[in-house]
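The structure appears right after this line, and notes come after that.
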Amino acid sequence: MEKILIADFGSQYTQLIARRLREMNVYCEIYPFNKVPRPDADVRGVILSGSPASVRDAGAPQIDLTPFSGHLPILGICYGAQYLAQTNGGEVLPSPSREYGRAMLSIGDASDPLMQGLDAQTQVWMSHGDTIQTLPAGAHLLASTSDVKNAAYRFDKLPVWAIQFHPEVYHTLQGMQLLRNFIVPICGCRQDWTPDNFVEQTVAQLKETVGDDNVILGLSGGVDSSVAAILLKRAVGDRLHCIFVDSGLLRYNEYEEVLASYKDMGLNVIGVDASERFYADLKGVTDPEEKRKIIGRDFVETFNEAASKIENARWLAQGTIYPDVVESASVSGPAAKIKSHHNVGGLPEKMHLKVVEPLRLLFKDEVRRVGVSLGMPQSLIGRHPFPGPGLAIRIIGDITPEKVHILQQVDKIFIDNLRREGLYDKVWQAGAILLPIQSVGVMGDERTYERCVALRAVSSVDGMTADWVHLPYEFLAQTSNEIINKVKGVNRVVYDISSKPPATIEWE
């Protein structure tokens with residue numbers, strides 16, 4: 001399977017580079033700059049990402065390009081471009097002022113393969129504090145802006161290109177064309193990374209890996225674990241045993257509804273109601289990270305108890321997807337660990353099972369496309385993402401059954417109204433948050449002092465970035481009134497209008 005390697009120097013846009021390549025049906029993998037593997041026969045090229053660091057710093061990220069240079073095409077982006085210049089005899093200096101935002105790129109060498117199809121003047125996005133003052137010997141200029149002379153260049157005798165701007169972001173209007181130039185004519189990629197091919201390859205690999213053993217999978221009701229289950233069902237048939245744990249932190253009636261939907265899909269599912277255990281262990285806990293760890297631990301123990309009753313199980317399947325893998329990267333690499341992922345690691349050591357992760361290579365939208373290829377029902381494929389810790393991280397503060405019940409009712413009204421008004425499929429993720437405050441209100445002739453809830457709806461592709469959705473005022477007014485009138489204990493509703501970044505999608 002041909003692929004592009006992406007060396008991550010810590011840029012906020014690194015995953016976006018991968019997303020853009022995947023959109024063009026080219027498989028790629030992200031590695032911390034200090035853990036990029038030596039290329040095998042499937043590697044077609046290497047991309048060096050941007051970074052918040054400066055190449056002039058004493059501790060600046062360094063990468064050994066010896067295994068790649070002269071053998072494979074290389075594209076340096078922003079920090080990557082500066083690194084290629086600095087390490088090959090060029091000069092990188094601080095910019096007179098930080099160069100951030102839109103700029104107009106003037107193409108100086110339209111005959112170069114990286115510049116093919118680009119307009120003579122095209123908008124790009126800059127984000128850097130250093131600038132390439134002097135190009136290395138043996139390199140020549142490809143493009144400039146009014147403020148950045150050496151905005152794009154290439155080496156004369158090596159297949160190495162460098163650009164000071166970010167082609168992966170939306171504001172670089174012809175960024176996709178530039179990336180396509182690199183991965184197709186320059187790297188020679190066939191663009192055959194498709195859902196159908198993925199299903200065929202993955203099912204074959206699962207059959208070979210698992211053999212005649214039994215497999216255990218923890219289902220959550222979400223698209224990731226559901227798609228993983230159907231892939232495994234195709235590969236191992238009835239030797240797949242699924243466990244669905246009710247933590248008491250699911251949405252309203254979700255436990256019963258999900259069990260029914262899995263039965264219709266022909267999956268062998270064991271349901272375990274462990275809500276009392278989770279409530280007891282979460283009592284009085286307010287720290288978000290501690291909540292996640294307790295829920296992860298309780299899930300492991302509950303899952304383990306149910307799994308121990310399944311004979312001859314040798315494999316544990318998990319619905320891990322690529323953002324989980326990247327966000328949970330070692331701290332020795334540049335990727336910041338944003339939060340704990342209890343679906344990445346943890347279980348195998350306690351259960352003495354080998355792990356199989358059918359979706360480990362996919363972003364969320366790719367998982368959905370694979371689900372379509374598998375013929376799964378739209379109700380599951382189009383289901384909004386739901387956090388692994390459930391409503392625990394949508395209740396700010398300690399967890400009680402009463403708070404969970406209130407939030408379940410609020411969430412149901414919000415989601416039902418989105419469906420009724422034809423807005424659900426236009427939103428990537430929606431939910432409600434119970435705030436740890438009370439406010440004064442008036443109902444009838446009486447003053448009230450009750451809870452406040454926040455509604456959250458965002459648009460996104462894979463959750464790495466997200467914008468708040470401009471829901472109609474009439475919809476918000478109707479939903480707010482319904483929540484306050486029907487949910488006892490709530491007298492105020494607010495709408496979250498922050499985007500990611502700087503805010504996260506979930507509040508905890």
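- A salt bridge links Asp365 with Arg369: at least one charged nitrogen is closer than 4.0 Å to a carboxylate oxygen.
- Ring geometry, Tyr79 versus Phe9: the interplanar angle falls from 30° to 60°, so the pair is classed tilted.
- At distances below 3.5 Å, not a single donor-acceptor pair connects side-chain atoms of Thr302 with backbone N or O atoms of Phe299.
- Arg292 contributes a side-chain N or O that, together with a main-chain N or O of Glu508, makes up a donor-acceptor pair within less than 3.5 Å.
- Using a cut-off of 4.0 Å between Lys/Arg side-chain N and Asp/Glu carboxylate O, Asp425 and Arg419 are scored as not salt-bridged.
- Once rounded to the nearest 0.5 Å, the distance linking OG of Ser49 with OH of Tyr31 reads 15.0 Å.
- Under the 30°/60° scheme for interplanar angles, the aromatic rings of Trp193 and Phe198 are found to stand perpendicular.
- In terms of modelled atom types and a separation under 3.5 Å, the side chain of Asp273 and the main chain of Ser275 share a donor-acceptor contact.
- Judged purely by distance below 3.5 Å, without hydrogens or angles, the side chains of Asp496 and Ser498 pair a donor atom with an acceptor atom.
- Of the inter-residue distances, the one linking Ile216 atom CD1 with Ile270 atom CD1 reads 8.5 Å to the nearest 0.5 angstrom.
- No donor-acceptor distance shorter than 3.5 angstrom exists from the side chain of Tyr27 to the backbone of Glu2, with no hydrogens or angles considered.
- A salt bridge is absent between Asp467 and Lys500; no separation between the charged side-chain nitrogens and carboxylate oxygens falls under 4.0 Å.
- One distance of note links CG of Asn214 with CZ of Arg239; it measures 7.0 Å at 0.5 Å rounding.
- Between the side chains of Glu168 and Tyr170, not a single donor N or O lies within less than 3.5 Å of an accepting N or O.
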Point to revise | Derivation of the side-chain contact (heavy atoms from CB on, under 4.5 Å) call for Asp411 and Tyr252 | key: CA-CA 8 Å; Asp411 181 84; Tyr252 189 84; over 6 Å; no
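- Glu23 has a carboxylate O that lies under 4.0 Å from a charged side-chain N of Arg20, or vice versa, which qualifies the two as a salt bridge.
- In summary, the side chains of Ser127 and Tyr13 do not present any donor paired with an acceptor at a separation below 3.5 Å, with no hydrogens or angles considered.
- Ser51 and Ser11 share no donor-acceptor pair across their side chains, judged by distance under 3.5 Å alone.
- Classification of Glu301 and Arg277 as a salt-bridged pair holds, one side-chain N sitting under 4.0 Å from a carboxylate O.
- Under the 3.5 Å distance criterion, the side-chain polar atoms of Lys283 are left unmatched by any main-chain donor or acceptor of Asp398.
- Classification of Glu290 and Arg297 as a salt-bridged pair fails, no side-chain N sitting under 4.0 Å from a carboxylate O.
- At least one donor-acceptor pair under 3.5 Å links the side chain of Thr172 to the backbone N or O of His166.
- Using a 4.0 Å cut-off between charged side-chain N and carboxylate O, Asp42 and Lys3 make no salt bridge.
- Judged purely by distance below 3.5 Å, without hydrogens or angles, the side chains of Asp8 and Thr14 pair a donor atom with an acceptor atom.
- No donor-acceptor pair under 3.5 Å is formed between the side chain of Ser69 and the backbone N or O of Thr66.
- Side-chain rings of Phe165 and His128 stay apart, their centers remaining 6.0 Å or farther from each other.
- For the atom pair CG of Leu418 and CD of Glu421, the computed distance is 9.0 Å after rounding to the nearest 0.5 Å.
- Classified by interplanar angle (parallel below 30°, tilted 30° to 60°, perpendicular above 60°), the ring pair Phe363/Tyr322 is perpendicular.
- Counting heavy atoms of neighbouring residues, nucleotides and ligands inside a 6.0 Å radius, atom NE2 of His405 does not exceed 12 of them.
- Only one option out of Leu84, Leu75, Ile77, Asn181 pairs with Trp161 in a side-chain contact (heavy atoms from CB on, under 4.5 Å); it is Leu75.
- Taking CZ from Phe414 and CG from Leu471, the interatomic distance works out to 5.5 Å, rounded to the nearest 0.5 Å.
- By the 6.0 Å contact criterion, CG on Asp212 is open, its count of non-hydrogen atoms from other residues, nucleotides or ligands being 12 or less.
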